[in-house]
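Lettering follows sequence order; numbering is per chain, from 1.
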Amino acid sequence: MAFSLKEWVFTTDHKRIGVLYLIGALAAFAVAGIMAMLMRIELHSPGPDLTSNPNDYNVWLYFHGAAMILGFQIPALLGYLANYCVPLMIGARDVAFPRLNAFSVWLFFGGIVMALLTFVVPDPPDIMWTGYPPYSIKTAGNTAFYTFTVLLIGFSSILGGINFLTTVVYLRAPGLGWNQLNIFVWSIVAAFVIQLIFVPVLGVAVTMLSLDKYLGTHFFNPANGGDVLIYQNLFWFYSHPAVYVILLPFIGITFDIIATFARNRVFNYKAAVYGGIGGVLLLSGEVWVHHLYTAGMPDWLRLGQMVSTLLISVPVGLLMISLLGTLYRGSISFRTPNLYALAVNFTFLIGGLTGIPLAMAPLDLNLSDTYFIPGHFHYVMAVSGTFAIFGAIYYLFPKMTGRMYSEVLGWTGFILTFIGINLVFFPMMIAGLYGMPRRYFDYEQFPQVAGLQLFMSLGSVVILLGAIVILWSWIHGLLKGAKAPDNPWGSKSLEWTTQSPPPPGNWVEVPKLSPDWGPYAYGK
Amino acid sequence: MPRNTVESSLAPEVEHFALHWETSVWPLVLGVGVLLVLPLPFSFHFVYQQSFLAVLCLGVGVPLTVVAIAGWVNEGLAGHGEGLSTPAMGWFILAEALLFLGFFAAYWVIRLSAPAWPPAGSVPMPTVIPAVMTVLLVSSSFTYYAAEAAHEKGRDDGFRAWLGVSIALGAAFVGLSAYEWSDLMGQGFSIGTNAFGTSFYSITGFHASHVVVGLGVFLAILLPALGGRTSAGLIKAGGIYWHFVDIVWLFVVSQVYFL
């Protein structure tokens with residue numbers, strides 16, 4: 001079929017919309033990565049290096065955080081992966097509302113445009129991705145762009161949630177029961193339920209921010225009866241569950257990759273779905289206050305939050321056990337997607353274990369706002385999520401493009417990034433234990449971490465090299481890769497039963513499934 | 001065993017799908033319209049004090065948005081309707097409810113932590129106008145129900161008439177709301193006066209914007225219906241949305257005006 005630009009720009013097809021999401025998300029990832037490199041260059045020695053204006057550093061930090069979470073991870077998981085995989089995995093011809101789906105992706109691109117305007121407008125936003133008042137209201141920076149970036153991407157996600165929940169409930173292939181769904185489909189259902197409940201509250205918080213700054217309201221102004229803690233509560237009421245919005249789909253796709261490459265059933269499927277994913281969904285909304293330990297609160301509240309935060313490790317533990325049990329006695333092949341999926345087990349474990357001290361109020365009061373925090377959340381969310389996304393891109397590469405990537409390039413890129421992230425984020429936690437506060441661009445008062453900072457900056461170069469190799473492996477595969485068969489991995493899952501790449505409408509005839517069919521029914 | 005309820009409606013499209021990629025221009029046009037209607041004019045006007053550019057954005061964006069919605073509805077009524085609007089509306093209302101919950105949570109935190117309520121600078125709230133507004137909005141839910149019933153029985157004239165009455169009631173509600181706002185502002189009570197002004201105008205304004213969206217949905221149902229084209233799914237989903245906005249008003253009127 002000849003390439004037609006019109007069929008891409010005006011497309012309502014879920015696979016093409018998924019690819020559009022991927023393009024936008026990777027663009028956000030690239031620019032966020034450049035911002036990270038700028039910060040690492042700035043931080044390689046104690047004094048001001050690249051810039052002597054702290055506001056420049058704030059803008060880089062703003063863009064890095066906002067773009068990585070709102071522009072890359074959530075859209076890559078709930079935009080690209082959900083769009084590409086869910087209809088194929090449930091045997092549907094498309095989502096329930098194809099045009100609404102196209103509208104979602106264009107709203108997302110609107111948000112990306114607002115975010116990228118950061119680099120061209122005077123007084124760009126400089127308020128991190130959290131946008132805490134009173135700074136965000138008093139700064140000369142453009143808080144409105146932050147608000148609208150969040151609102152556009154948030155609205156896009158709400159529409160996506162409506163679409164995908166309706167799709168999974170009503171458009172499953174004939175005979176496909178709930179207990180036959182891929183874990184990834186379940187994780188997308190749970191993640192979108194979380195989005196529908198919590199994104200609106202974030203929308204309210206950032207709207208109030210711009211109302212306070214530009215229309216003179218008093219939501220967060222204590223002098224006139226407002227309260228800054230309202231913002232912090234509303235913000236984390238969404239933004240902690242947002243962690244699970246990222247966690248669930250990345251664990252979900254990790255399950256699918258690992259089951260495929262271990263050629264094994266998912267261990268304890270029902271415990272993983274109902275206990276693990278369901279448990280995270282149930283508990284996601286009651287832990288946000290642990291982000292406010294240092295904001296001032298009575299001890300009984302800290303204690304309660306400590307218990308409820310630690311509680312979430314139970315369903316997450318169930319998911320980890322199922323992942324490892326899926327590997328147990330499997331026939332494991334170490335293809336590139338599986339390397340990433342296996343690495344997720346490792347980085348997520350480190351991130352999870354370093355989360356336990358942060359859940360404990362007495363330790364957190366000392367670790368809060370140090371480098372320990374970014375070290376922890378980069379392991380648990382940034383690296384684990386990104387590795388799962390990269391693994392998924394390699395996993396779906398033959399299906400999306402009809403071509404194979406080069407396994408040598410895939411391995412090389414993985415090894416470099418895996419070494420690199422450990423060189424950067426593990427020392428980051430150690431620097432936190434030495435007392436290095438986060439968000440500083442000049443740390444002459446903390447000479448004890450200068451060696452670690454230089455080490456991290458060198459480590460970031462390794463990540464950069466890895467990222468370049470990964471990008472090259474995709475371009476190389478796209479242009480010169482061998483032709484891919486329909487099911488190169490020998491997967492049992494439905495998305496591999498159609499052609500590579502799938503035609504409009506996905507199948508000539510939609511599959512009909514028997515009660516004993518399963519996406520992980522290996523060895524039968 | 002799950003039931004694939006729309007299987008039958010998709011079946012005729014199988015051949016259609018196999019021939020070419022489905023496209024629609026309206027999602028992209030609407031996306032651009034949205035960008036021009038809210039984020040860009042707001043930023044030009046409030047952040048960069050470029051009001052001319054703001055007006056320019058609105059001048060292009062508003063017609064673009066209206067055209068996009070009209071095109072979208074037209075396409076939907078031309079047989080590409082998706083038939084699952086009613087369950088989808090349930091999910092949308094979940095999100096909408098949380099939006100209002102966020103505003104109400106902030107309102108109650110501010111109110112309960114205030115030394116005195118209403119704070120200094122507030123004016124007495126009117127009682128007659130909100131009571132009348134309540135009657136208007138609640139009765140519009142009933143008239144819309146009558147419109148739905150008429151449509152189900154195939155009485156198109158009755159459907160259009162009751163729908164017209166609902167629109168008139170909703171418009172009267174918005175008109176009274178605007179009148180009340182200008183009256184209060186005339187007494188020196190504005191959004192920046194104090195924490196009550198902030199809560200009052202943001203909650204009532206946010207609710208009124210939902211009524212305006214509801215009226216937009218009604219117009220998108222009524223205008224094609226004048227030409228005899230209707231979609232049962234859209235009528236039902238629009239009704240659920242309208243009843244939801246009506247119920248939210250009961251919270252607004254009781255907690256912001258009378259409590």
> So for B:Val47, is it side chain, backbone, both, or neither that comes closer than 4.5 Å to the heavy atoms of chain A?
both
> For B:Leu99 and A:Pro200, which heavy atoms make the closest approach, and how far apart are they?
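Nearest pair, atom of B:Leu99 first, then A:Pro200: CD2-O, 3.4 Å.
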> Backbone N or O of B:Pro27 within a donor-acceptor pair of the A:Arg99 side chain at under 3.5 Å?
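Absent.
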> Using a cut-off of under 4.5 Å on heavy-atom pairs, state which of B:Val32, B:Val29, B:Leu35 scores highest against chain A.
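With the most close heavy-atom pairs to chain A, the winner is B:Leu35.
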> Specify the closest pair of heavy atoms between B:Ser202 and A:Phe219, including all atoms of both residues, with the distance to one decimal.
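Shortest heavy-atom separation between B:Ser202 and A:Phe219 comes out as OG-CZ, 3.3 Å.
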> What I'd like to find out is whether the side chain of B:Tyr201 reaches to under 4.5 Å of the side chain of A:Thr217, using heavy atoms alone.
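B:Tyr201 vs A:Thr217: side chains apart.
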> Return the OG to CZ distance between A:Ser210 and B:Phe42, rounded to the nearest 0.5 Å.
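It is 5.0 Å, given to the nearest 0.5 Å.
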> Who wins among B:Gly31, B:Gly192, B:Gly197 for the most heavy-atom pairs under 4.5 Å with chain A?
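When all of B:Gly31, B:Gly192, B:Gly197 are compared, B:Gly192 has the most.
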> Once you round to the nearest 0.5 Å, how far does CG of B:Leu98 lie from CG of A:Leu202?
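Interatomic distance, B:Leu98 CG to A:Leu202 CG, rounded to 0.5 Å: 12.0 Å.
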> Only pairs of heavy atoms separated by less than 4.5 Å count here; which of A:Val113, A:Leu159, A:Ile197, A:Leu234 has the most with chain B?
A:Ile197
> Are side-chain heavy atoms of A:Phe103 and B:Trp26 found at a separation under 4.5 Å?
no
> Say you draw a straight line from CZ of B:Phe206 to CG of A:Leu211; how long is it, rounded to the nearest 0.5 Å?
10.0 Å
> Is there side-chain contact between A:Leu152 and B:Leu38, with heavy atoms separated by less than 4.5 Å?
no
> Go through the side-chain N and O atoms of B:Tyr48 and A:Asp123 and say whether any donor and acceptor fall under 3.5 Å apart.
no
> Please step through side-chain contact (heavy atoms from CB on, under 4.5 Å) for the pair A:Lys6 and B:Thr23, ending with a clear verdict.
CA-CA 8 Å; A:Lys6 179 179 157 272; B:Thr23 57; 4.1 Å; yes
> Does some side-chain heavy atom of B:Val34 sit less than 4.5 Å from a side-chain heavy atom of A:Leu107?
yes
> Should A:Asn224 and B:Asn194 count as side-chain neighbours, where that means a heavy-atom distance under 4.5 Å?
no
> Where on A:Pro222 is there a heavy atom nearer than 4.5 Å to chain B: the side chain, the backbone, both, or neither?
neither
> How far apart are the closest heavy atoms of B:Leu28 and A:Phe10, and which atoms are they?
CD2-CE2, 3.7 Å
> B:Pro119 versus chain A, heavy atoms under 4.5 Å apart: side chain, backbone, both or neither?
neither
> So, do B:Trp91 and A:Val193 sit near enough that their side-chain heavy atoms are less than 4.5 Å apart?
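Yes, close enough: below the 4.5 Å cut-off.
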> Relative to chain B, which segment of A:Ile162 carries a heavy atom at a distance below 4.5 Å: side chain, backbone, both, or neither?
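Both backbone and side chain of A:Ile162 come within 4.5 Å of chain B.
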> Got a second to check how far A:Leu171's CG is from B:Leu84's CG, nearest 0.5 Å?
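The CG atom of B:Leu84 is 6.0 Å from CG of A:Leu171, to the nearest 0.5 Å.
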> Could you tell me the separation between the CG atom of B:Leu30 and the CH2 atom of A:Trp106, rounded to the nearest 0.5 Å?
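Rounded to the nearest 0.5 Å, the CG-CH2 separation comes to 13.0 Å.
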> Under 4.5 Å, counting heavy-atom pairs only, tell me which of A:Val510, A:Val199, A:Thr11 racks up the most with chain B.
A:Thr11
> Atom OG1 of A:Thr12 and atom CD of B:Glu22: how far apart are they, to the nearest 0.5 Å?
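The distance works out to 5.0 Å.
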> Measure from the side-chain N and O atoms of B:Thr198 to the backbone N and O of A:His218, and report whether any donor-acceptor pair falls under 3.5 Å.
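Checking the backbone N and O of A:His218 against the side chain of B:Thr198, a donor-acceptor pair under 3.5 Å is found.
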> Compare every heavy atom of B:Ala106 with every heavy atom of A:Met208, then report the nearest pair and how far apart it is.
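Where A:Met208 meets B:Ala106 most closely, the heavy atoms are CE-CB, 3.4 Å.
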> Test side-chain contact (heavy atoms from CB on, under 4.5 Å) on A:Ile230 and B:Ile110 and set out the steps.
CA-CA 9 Å; A:Ile230 293 175; B:Ile110 288 172; 3.5 Å; yes
> Of the non-hydrogen atoms in B:Ser43 and A:Ala144, which two are nearest, and what is the gap between them?
OG-CB, 4.2 Å
> For A:Ile158, which atoms come within 4.5 Å of any heavy atom of chain B: side chain, backbone, both, or neither?
side chain
